[in-house]
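As structure tokens, the structure follows; a few thoughts come after it.
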Amino acid sequence: MHFKILADENVDFRIVRKLTEAGFEIISVLKCCSGISDKEVLKLAKKHNALLLTEDSDFGEWIFSHKEKTTGVIFLRYKPFEYENISNLLIKIIKKYDIKLYDKFTTITTKKIRIREIT
């Protein structure tokens with residue numbers, strides 16, 4: 001894989017495990033620095049040149065309203081029973097788009113994918 005993924009502490013551990021098993025390099029906020037603010041999470045992603053994987057919709061506001069700089073965000077929206085489907089879809093999307101996900105805000109649900117340019 002070409003890049004790192006910073007998994008926010010709210011991302012289901014089963015999804016993080018599936019990404020790791022698929023060969024992705026994962027940095028876990030839960031393991032390294034639990035409890036840090038959203039702004040600090042964004043700084044950490046930039047520091048590691050990692051895509052931020054989150055289930056927290058507040059990052060959309062940070063990026064689009066407050067114009068916080070980031071390397072890219074993957075925002076997951078799913079119901080708990082859909083974690084297997086969302087995990088598989090996430091892996092498929094990361095493999096398909098690869099580094100093209102940088103500087104994008106990607107929203108993934110089990111029914112659709114939306115990739116927005118971060119300006």
When you compare the side chain of [Y] with that of [X], does any pair of heavy atoms fall below 4.5 Å?
| X | Y | answer |
| --- | --- | --- |
| Phe64 | Arg116 | yes |
| Thr107 | Ile113 | no |
| Ile94 | Ile74 | yes |
| Ile5 | Glu25 | no |
| Val73 | Thr106 | no |
| Phe3 | Tyr102 | yes |
| Asn85 | Tyr78 | no |
| Leu52 | Thr71 | no |

Minimum heavy-atom separation for [X] to [Y], with atom names?
| X | Y | result |
| --- | --- | --- |
| Ile91 | Lys18 | CD1-O, 3.9 Å |
| Lys69 | Leu42 | O-CB, 4.4 Å |
| Ala7 | Val16 | CB-CG2, 3.8 Å |
| Leu89 | Thr110 | CD2-CA, 4.2 Å |
| Thr54 | Val11 | CA-CG2, 3.8 Å |
| Ser34 | Glu9 | OG-OE1, 2.7 Å |

[X] [atom1] to [Y] [atom2] distance, which is reported to the nearest 0.5 Å:
| X | Y | atom1 | atom2 | answer |
| --- | --- | --- | --- | --- |
| Glu82 | Leu76 | CD | CG | 11.5 Å |
| Lys43 | Asp38 | NZ | CG | 12.5 Å |
| Thr70 | Leu51 | OG1 | CG | 8.0 Å |
| Ser87 | Leu19 | OG | CG | 7.0 Å |
| Ser57 | Trp62 | OG | CH2 | 13.5 Å |

Presence of salt bridge, Arg14 and Asp12, under 4.0 angstrom:
yes
Taking side chain to side chain contact (heavy atoms under 4.5 Å, CB included) as the definition, give me every residue that meets it alongside Ile36, ordered by chain and number, with sequence neighbours left out.
Val29, Cys33, Glu40, Val41, Leu44
Do other residues, nucleotides or ligands put more than 12 heavy atoms under 6.0 Å from Lys79 NZ?
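Check fails, neighbour count at 12 or below.
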Might you confirm whether atom NZ of Lys104 has over 12 heavy atoms from other residues, nucleotides or ligands at distances under 6.0 Å?
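Atom NZ in Lys104 is packed in, count exceeds 12.
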Arg114 charged N/C atom sitting above Phe105 aromatic ring, 6.0 Å / 45°
no
